[in-house]
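Heads up: numbering here begins at 1 and tracks the sequence.
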Amino acid sequence: MDVGCSHDMRPHADDSNLLDIKLVALGGARRLWLGFENTKAKDYNDYIHVFEDELHAVLGVPVGTLVNTGRTSAEPVTITVAKPSGFDFQKCSFVLGAMFKDDQRGVYENDYYVIHIAQKGQDPHGIVIPGKWQWPKEQVCIKDAYPEFVTWANDRTKAQDWYKHPVAEKVITLK
């Protein structure tokens, strides 16, 4: 799949009804958007979008640019938004949306597709990390960057702090 997004999310320090979301890194050749989960969504507009603009535009780079993954750098962008009703950190409550490539538009029911958080038994499409983290460099598998990830993925009661133990040369560190 040629999409990806890294963001840092946490409760707002002064108001538990708000979330601070920092867009940090992007990959992917497609136009991307970040929204809150809506199980009743039938259309792109049924999601509450975190950023009003396409994610590459938010970071000030052209679509298809790999940002803060070892190639192009950009300053992270932080936004504070109202926490939607029913938002749950444990379930993430986010979806990453990607527009189909131009030659595929109109072939499908919608011009976008949504990448949901994985269910039990599936490889993760998104992971909620409680705090700061260093994401793997471009084309480095999370299993290589974080050796304890597999233990946690197989049994979430084990290696719960896997994200605190990266292999230094395999991850990106922002200043």
Side-chain angles (χ1 to χ4, degrees), residues 1-28 32-39 47-51 55-56 58-59 66-98 114-175:
M1 183 169 301
D2 59 355
V3 298
C5 168
S6 262
H7 60 279
D8 177 25
M9 172 195 47
R10 59 191 69 215
H12 189 273
D14 299 323
D15 188 340
S16 63
N17 294 313
L18 300 175
L19 294 171
D20 292 330
I21 301 170
K22 182 187 294 185
L23 181 61
V24 179
L26 290 174
L32 304 172
W33 55 271
L34 182 66
F36 290 101
E37 180 68 69
N38 177 355
T39 57
Y47 292 93
I48 298 170
H49 295 255
V50 175
F51 295 93
L55 298 182
H56 289 90
V58 171
L59 290 177
L66 303 173
V67 183
N68 294 335
T69 61
R71 296 188 181 167
T72 301
S73 296
E75 287 296 317
V77 174
T78 301
I79 188 170
T80 299
V81 298
K83 186 188 309 180
S85 174
F87 182 84
D88 183 349
F89 276 102
Q90 296 303 314
K91 294 179 183 170
C92 186
S93 295
F94 277 109
V95 294
L96 177 63
V114 174
I115 303 160
H116 295 274
I117 301 303
Q119 300 300 313
K120 186 173 182 175
Q122 296 176 328
D123 283 339
H125 306 297
I127 303 168
V128 178
I129 306 294
K132 293 184 178 184
W133 109 298
Q134 299 166 296
W135 55 93
K137 291 182 178 179
E138 194 65 34
Q139 299 184 352
V140 172
C141 179
I142 191 170
K143 297 170 190 176
D144 296 327
Y146 289 89
E148 295 176 35
F149 174 80
V150 174
T151 302
W152 171 80
N154 288 328
D155 181 349
R156 292 186 188 170
T157 65
K158 297 179 181 173
Q160 292 182 347
D161 66 345
W162 64 267
Y163 57 90
K164 294 180 180 179
H165 307 285
V167 176
E169 63 274 7
K170 296 187 178 191
V171 296
I172 299 291
T173 303
L174 281 183
K175 297 169 183 98

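Shortest non-hydrogen contact noted between Pro147 and His165 is CD-O, 3.9 Å. Here the closest heavy-atom approach between residue Asn17 and residue Asp15 is recorded as N-OD1, 2.9 Å. For Gln134 against Pro166, the heavy-atom pair with the smallest separation is OE1-CG, 3.2 Å. The two residues Pro84 and Ile48 make their nearest non-hydrogen contact at CB-CD1, 4.3 Å. The minimum heavy-atom distance linking Val50 with Ile79 is given by the pair O-CD1, 3.5 Å.
Listed by chain and number, the residues in a side-chain hydrogen bond (donor to acceptor under 3.5 Å, both in side chains) with His49 amount to none (sequence neighbours excluded).
To the nearest 0.5 Å, the span separating NZ on Lys83 from CD1 on Ile21 amounts to 11.0 Å. The CG atom of Leu66 sits 14.5 Å away from the NZ atom of Lys137 when rounded to the nearest 0.5 Å.
Residues Leu55 and Leu34 form a side-chain contact, since some pair of their non-hydrogen atoms from C-beta on lies under 4.5 Å apart. Inter-residue side-chain proximity for Trp152 and Asp161 is flagged as unmet; no heavy-atom pair is nearer than 4.5 Å. No side-chain heavy atom of Tyr146 sits less than 4.5 Å from a side-chain heavy atom of Lys164. For the pair Leu19/Phe36, a side-chain contact is recorded, criterion being any heavy-atom separation below 4.5 Å from C-beta on. Proximity of His56 to Leu32: side-chain heavy atoms (C-beta onward) are separated by under 4.5 Å at one or more points.
Two rings, from Tyr47 and Trp33, have their centers less than 6.0 Å apart.
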Review point. Between Leu59 and Leu23, does a side-chain contact (heavy atoms from CB on, under 4.5 Å) hold up when you go through it step by step?
Key: CA-CA 8 Å; Leu59 290 177; Leu23 181 61; 3.8 Å; yes
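Lys170 contributes no side-chain N or O that, together with a main-chain N or O of Pro136, makes up a donor-acceptor pair within less than 3.5 Å. A distance-only check finds no donor-acceptor pair linking the side chain of Asp144 to the backbone of Val140 [under 3.5 Å].
Ring pair Phe149/Trp162 is perpendicular by interplanar angle, where above 60° counts as perpendicular and below 30° as parallel.
Summarising the local packing, CD of Glu75 is surrounded by 12 or fewer heavy atoms from other residues, nucleotides or ligands at distances under 6.0 Å.
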